[in-house]
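Given the structure is predicted, the values throughout are model-derived calculations rather than measurements. Order of the sequence lines fixes the chain letters, A, B, ..., with proteins taken first and strands second; residue numbering starts at 1 for each chain.
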Amino acid sequence: MPVQLLKIGNRKSETLLPTHLQKEDLKHLQEGFDHTNKYFQGIVVLSYPLTKLGDGTDFFKVVLQGLDNLCSRTNSINILIHGKMAEDCAKVIRHGDTFIVAGYKLAKSPTAGLDGRHGCHLELSEEAGSAIYSVAPKYVYTPLNHLKDGTVVNLYGIVKFFKPPYVSKGTDYCSVVTLVDPSNVKLTCTLFNGNLDSLPKIYKVGDIVRFHRIKIKEYNGQMQGITGVGFASLTFDGTVGAPVVPRSSSKVYTFMDEEQKTIEELRVWAASNLSISGPAAKLSGVRPMLFFDLTCQLVGKAKVDGSSFLLKVWDGTKCPYPTWKVPVEARDLEGEKVVLHQLRNLTVDVLVYDNHVQLAKSLKIGSFLRIYSIHTKQASAVDEDVSHIEFHLHGGTCYGRGIGVLPESNLDVKELKAFLESVDLADSQNMESMSSVELDSTFNNVTGMYSLFSVCCYFAVLTDHQDLNNTELKTILNSTAPQQYRIRAKLRTYKPQKLYQSIKLYCSKCNSLQEVPDGDDFDFILQGSAVTAPNPELHNTSWYDSVMWTTQDQKQRKIAIHFVKHDEMLQQPEDTLLMIEGGTLKEVWKLTKRFKCVIPVRSTEDDLELLDPSAPFLLQGNIKYYGCKQCSTPKPIKSLSSIAAEQRPSWEPTEIAQVLGIVPLQYVFIMKFTLVDATGALNVYLFDYENFFQIPASEILTNNSLQQKMQMTMNMLCPPGRKLDDLPWLECFIKSYNVRDAMTHQVYYQIFDTTVAEGVV
DNA sequence: TTAGGATTTG
């Protein structure tokens, strides 16, 4: 049996001492007594190094002192541990810890005369059925505003700043960590250890740490933390609702309900009191002249010179600028040749300098890294017309500059891995994914634009009805509706010119169209609903768990989050639906980054309810889902529990809308195209969810690159500043239909079954 | 011992 951790106290999740065991006093540890169901408890006052006996078995000796008479030397007893148990015990035992031993054999101590300890010793081994329990000490944690010079304390803190471990100029690794806690006091800690694993495994600002036995010293008029004997740390993800799983710097640690509660409270405090930045930058989002943290996979590495080293990395997205390639000897480049070639358009070269070289050299190809504070530098080589972007990890550790290796269990790594597996490599090599800068420069340069069109042209392709022949526009204008046609025409102009204005919300039940509300409307509704405090009686039901806290600012706003459970368990954040009361727009937005679905709600006397019908009833990723005010008849929130009870709740917006009695509005593109051919001109409407542009209308408002893609498509269909003769041909299907009222009759035309695709002239 | 947060200038 390995050494078990035991907490003496009254909490339910503790490993309990078997009930048949009874405490034995030191004075009863005598030959002739029955020790079968007895245990002895004492404090470690001395331990000897682990050794091997003549027969090769491990042997470990500790001295335990009884609790009743702490001063007397005869109050201590030798404990001799053999075999596997000796090894286990040697790893965890620390001077001053309390241990319980049971199932021991008692024998006369041959050294009693010399060491003055108890006349008998206790022998333990796994084979003899012995057990050792380590009694978790009751730790006291000092708030950061109560630290005193020269003390050794235990503390919790939220990481406000950190330098990932780096090789110091001495013998150890060093990591600098600045913490903050609800007392709003900061503490910068300088942590040293020769073993990388013994330093806190901090991956991002906002992580929460628990430090044990950290030395407090005053330095430059401020308190400072520094590692000392027995320093140990645990690190946790700081996201509200994420699983509370400690990343440990030591093999054995205590972590129970009380600690879990502390972490959850700190997360909640941090969520409303600290501004922790949003999602990390991707290569597709980099701009010149900035510093950013990159989560990526290492594809290749090479020595460059004495003070710099090359890392070739990718994150599955394409940098929108031309990137530099650091020239290295082929024989110096480590990494799978085939992979390096396959990913050549997606990898970027990061040059690391000085103190980072040693760590960079030791990195394994394929490992997942977070490179902190990479500098993107704009530069141009003598023989290049356009500038390129360079990635540098400069020397030094300012601003946390450095490299961290992330384990595969890390949530960000899991997400990145899944994304990397989904990347279509063929896609990165064709023109469609030509970086936007390359395209921009093509468009800004007339010669370039024409040359692009001389080899390729964009036009609409027909997805069906291939049997239809082309009809001239004049013929269509002279025909009665309704009919369907295939046409070949040029796009002379279109409305709206500001493409984002083409997005509307459409109700398929009452056929109404409306503008997409802007963020301010939603913010206003959220502020209004925050006036009603969450009703605690509605918290923690059979199908959701609730947390509530009050902001520390003057408003003393109460926020409640209800995490919907599945099978009585909380799900992973990426699968979780949660409901929030009293949150601000920013807080709601932050939650959507981490959790699958967010539903803003407010309390009534007997159930939660949706906010005003003009607010989104659901947020998923970047998308806000709205319901039709006329057609919806909202049902109580508890109707959601029926989806939560499904075997695999998928949290589809349509399904959520249905159970909540909401008729969802759909995002659509509405545009007016003026088409011309040799015979006439025709105004045609585009009403489309996603087929025409191959872009979902729901995503375009929140996605810059999709907006760029749409603009590119329109520039292809209707190149600005071009004469009519030079416009590309567009083929599509249109249908005519009648709109009548008492006074008027009009024929309208609409594009259907048409998708924009690239075609060669 | 090391570093003690507060961007390199390749």
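Within 4.0 Å (heavy atoms only), H392(A) reaches no atom of the nucleic acid at all. Within 4.0 Å (heavy atoms only), Y166(A) reaches sugar-phosphate atoms of the nucleic acid but no base atom. Residue-level contact check: G395(A) touches the bases, meaning some heavy atom is under 4.0 Å from a base atom. Here L191(A) lies out of heavy-atom contact (under 4.0 Å) with every strand. At the heavy-atom level, D305(A) lies nowhere under 4.0 Å from the strands shown. If you check every strand for non-hydrogen atoms under 4.0 Å, S308(A) touches nothing. Within 4.0 Å (heavy atoms only), K217(A) reaches no atom of the nucleic acid at all.
On the nucleic acid side, DNA chain B has its first and last nucleotide under 4.0 Å of a heavy atom of chain A at dT1(B) to dG10(B), going 5' to 3'.
Nearest heavy atom pair, residue P200(A) against residue F211(A), reads CG-CE2, 3.7 Å. Closest non-hydrogen pair, V405(A) versus Y203(A), comes out as O-CE2, 4.1 Å.
No donor-acceptor distance shorter than 3.5 angstrom exists from the side chain of D58(A) to the backbone of K52(A), with no hydrogens or angles considered. Between the side chain of S168(A) and the main chain of G170(A), a donor-acceptor pair closer than 3.5 Å is present.
In this view, T295(A) and R370(A), L406(A), L416(A) satisfy the side chain to side chain contact (heavy atoms under 4.5 Å, CB included) rule, not counting sequence neighbours.
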List the steps, then state whether side chain to side chain contact (heavy atoms under 4.5 Å, CB included) holds for Y399(A) with F291(A). CA-CA 10 Å; Y399(A) 272 84; F291(A) 291 88; over 6 Å; no

